[in-house]
There are 2 protein chains.
Amino acid sequence: MSVSALTAGNSPSHPKRIVIAGMDGCQACSVCEVRAHGICSALNDEELSQLAQAAVRVTIPPGRQFIEEGSFADEFFNITSGTVKLFKSLPDGRRQITGFVSIGHFLGLAVSDRYAFGAEAIDQVRLCRFSRERLETVIDEFPRLERRLRNEAANELVAAQDQMLLLGGKTARERVASFLYGQITDLYGDDIPQNAKLHFPMTRADIADFLGLTVETVSRTISGLRREGLIATGAGHEITVPSPSRLQIIASGEE
Amino acid sequence: MSVSALTAGNSPSHPKRIVIAGMDGCQACSVCEVRAHGICSALNDEELSQLAQAAVRVTIPPGRQFIEEGSFADEFFNITSGTVKLFKSLPDGRRQITGFVSIGHFLGLAVSDRYAFGAEAIDQVRLCRFSRERLETVIDEFPRLERRLRNEAANELVAAQDQMLLLGGKTARERVASFLYGQITDLYGDDIPQNAKLHFPMTRADIADFLGLTVETVSRTISGLRREGLIATGAGHEITVPSPSRLQIIASGEE
DNA sequence: TGACAGGCTTGATTTAGGTCATTGTTAAAA
DNA sequence: TTTTAACAATGACCTAAATCAAGCCTGTCA
């Protein structure tokens, strides 16, 4: 299947269409627009062509759950665009979003043969899909890839520990400030400007499930921060933060 | 330094004494009582002797913090006995215990050159210490070790996600039941008996900081479970669980 | 054009768990 | 043996956030 055929599914006018297609050997990966991100950045051209053999590009429409918690984990994913929410649920429906992940993120690190979490596209998501079996073969050949995966896991672990600190002890105000500040660092890296502009895709309900709060509390808290002049809200999901450092201080519980 | 010299520090009559000693080449690791656990199990005799060159055995007295959050991460650890609490803190002293770890656990997976968490011995702890530099060298030579570390990280990540679900949504009762059930599975594995007996080393304050509750709530909740006949408390930190499956149902929020 | 639905905000009220205070228990030090 | 201190349990009270209940946008479908 050709590369051009792949792009059809990306058209905004066909949001429901899912394209599943093989890649053109080494071509597809080596010209990949996100090659610098994610696990692929650990490989050179030759190695990448091997990886490409195992990869399939997929487009997922907004709202579609593409990993079911507890289902058989026969596939791994690497996100190339869009935002995905990862979550765990209790039998009665309570849901904890354990993370929002986007470009470059690798999904499916678990040792078990079952996924430990569910995954759902928030906006339109594109990703590379690998069969578990074939990826494991490629990993065996390239220790650098293995190292990369370990680092990925270690970084996620650090994020998870931060989130435990948030969920275990922070106030609603601190949680919302932490979330917003996290969005800023995700977007700007270490070079955070004054008047940082954010436009994230997740709803209040998503934020609530991520922060261990209710929608009402998230809404009230955001309104509170706005009244204090700490943030300004725009249309859609746009928020401007005049002084990110001020927000960080609140996020870390220092006031 | 001889192996026999090492044992001096383990005497209960000298709890404050810390022993830092080199290992006898391949001897020390190959006869290690916990070789089947932890990262060492990924290596054969020859590889292990290489690892041993980089290892130092250490004994830590109860209550001693041996990793400071944010300090320079120049050492890795592998626990050979005892229980360690890992935690993160907010500037005002609020503390979240992110995990209790014991025999076989590898400490220091972070990518950063700073520790992302603090670590403190709960009871007397023995561990193998590696310089970061030397361990990285050994890892480079043995891909199997790299794989082992990735799996270790992946498993921790799953545990962290479970804990996020707990902290984000569970009631006090469900949290305490989850903790107790977790202690049971840690101790018995998959083969859980009726009338499981537990005696864990952590205080109510530790449990509270782990579960995102206060000591009072932990105490009240344990008393509540006892009144209901779901657990029986003994002297010290002993608890008997007549029906672990009953506890599991509560832990997972199904009643 | 209206009406329906999904998402957001805000207000009134409730409650689970936190805070503060007291007492009991155990064990090590003196 | 008393003294001290750390840990644990329990009661009385308080509060942050949940719950319950409207109302308000905005986009889309008929």
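It should be emphasised that the depicted structure is a prediction, and the values quoted were computed from it without experimental measurement. Chain naming here is simple, since letters A, B, ... match the order of the sequence lines and numbering starts at 1 in each.
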Distance in angstrom units between [X] [atom1] and [N] [atom2], rounded:
{"X": "B/Ile231", "N": "D/dA9", "atom1": "CD1", "atom2": "C1'", "answer": "13 Å"}
{"X": "B/Leu225", "N": "D/dA9", "atom1": "CG", "atom2": "P", "answer": "12 Å"}
{"X": "B/Asp209", "N": "D/dC7", "atom1": "CG", "atom2": "C1'", "answer": "14 Å"}
{"X": "B/Ile207", "N": "D/dA8", "atom1": "CD1", "atom2": "C1'", "answer": "11 Å"}

Can B/Leu180 and B/Leu225 be said to form a side chain to side chain contact (heavy atoms under 4.5 Å, CB included), step by step? CA-CA 11 Å; B/Leu180 292 174; B/Leu225 293 175; 4.2 Å; yes
Are there any protein N/O atoms within less than 3.5 Å of an N/O atom in nucleotides 14-19 of chain D, and if so, which ones and at what distance?
from: D/dA17; atom 1: OP1; to: A/Ala172; atom 2: N; distance (Å): 2.8
from: D/dA18; atom 1: OP2; to: A/Thr214; atom 2: N; distance (Å): 3.4
from: D/dA18; atom 1: OP2; to: A/Thr214; atom 2: OG1; distance (Å): 3.1
from: D/dA18; atom 1: OP2; to: A/Thr217; atom 2: OG1; distance (Å): 2.3
from: D/dT19; atom 1: O4; to: A/Arg220; atom 2: NH2; distance (Å): 2.7

What distance separates B/Asp209 CG from B/Thr98 OG1, expressed to the nearest 0.5 Å?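 Here the interatomic distance stands at 11.0 Å.
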Quick one: pull up NZ in B/Lys170 and CZ in A/Arg94 and give me the separation to the nearest 0.5 Å. 8.0 Å
Could you check, using the six-membered ring where one of them is a Trp, whether B/Phe100 and B/Phe200 have ring centers closer than 6.0 angstrom?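 They do not qualify: ring centres at least 6.0 Å apart.
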Would you be so kind as to tabulate the donor-acceptor pairs closer than 3.5 Å made by side chains of residues 182-196 of chain B, with sequence neighbours excluded?
from: B/Thr185; atom 1: OG1; to: B/Tyr181; atom 2: O; distance (Å): 3.4
from: B/Thr185; atom 1: OG1; to: B/Gly182; atom 2: O; distance (Å): 2.9
from: B/Tyr188; atom 1: OH; to: B/Lys197; atom 2: N; distance (Å): 3.0
from: B/Tyr188; atom 1: OH; to: B/Lys197; atom 2: O; distance (Å): 3.2

Under the salt bridge (Lys or Arg N to Asp or Glu O under 4.0 Å) rule, what pairs show up with a residue in residues 65-88 of chain B, not counting sequence neighbours? A/Asp162-B/Lys88, B/Glu69-B/Lys88, B/Glu75-B/Arg129, B/Lys85-B/Glu120, B/Lys85-B/Asp206
What residue pairs, at least two apart or across chains, pass salt bridge (Lys or Arg N to Asp or Glu O under 4.0 Å) with a residue in residues 214-231 of chain B?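 Those involving residues 214-231 of chain B are B/Arg173-B/Glu228.
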Which ring-ring contact (aromatic ring centres under 6.0 Å, His included) pairs, counting each pair once, include a residue from residues 235-255 of chain A, with sequence neighbours left out?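 As it turns out, there is no ring-ring contact (aromatic ring centres under 6.0 Å, His included) pair with a partner in residues 235-255 of chain A once direct neighbours are skipped.
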Outer limits of DNA chain C sitting under 4.0 Å from a non-hydrogen atom of chain A, read 5' to 3', are C/dC8 to C/dA12
Note the angle between the end axes of the helix from C/dT1-D/dA30 to C/dA30-D/dT1, five pairs defining each, rounded to 10 degrees.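 Overall, the helix from C/dT1-D/dA30 to C/dA30-D/dT1 bends by 30° from one end axis to the other.
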Could I get the full list of side chain to side chain donor-acceptor pair (under 3.5 Å) partners for [X], not counting sequence neighbours?
{"X": "B/Ser102", "result": "none"}
{"X": "B/Thr217", "result": "B/Thr214"}
{"X": "A/Ser252", "result": "A/Glu254"}

Nearest heavy-atom approach of B/Leu167 to A/Gly168 is CD2-CA, 4.1 Å
NA contact type, B/Ser219, heavy-atom cut-off 4.0 Å: base, sugar-phosphate, or nothing?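 Answer is base: heavy atoms of B/Ser219 come under 4.0 Å of a base.
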Would you give a per-nucleotide map of nucleotides 22-27 of chain D, 5' to 3', where B means the base has a protein non-hydrogen atom under 4.0 Å away, S means only the sugar-phosphate does, and - means neither? ------
With sequence neighbours excluded, residues passing side chain to side chain contact (heavy atoms under 4.5 Å, CB included) with B/Ser112: B/Arg114
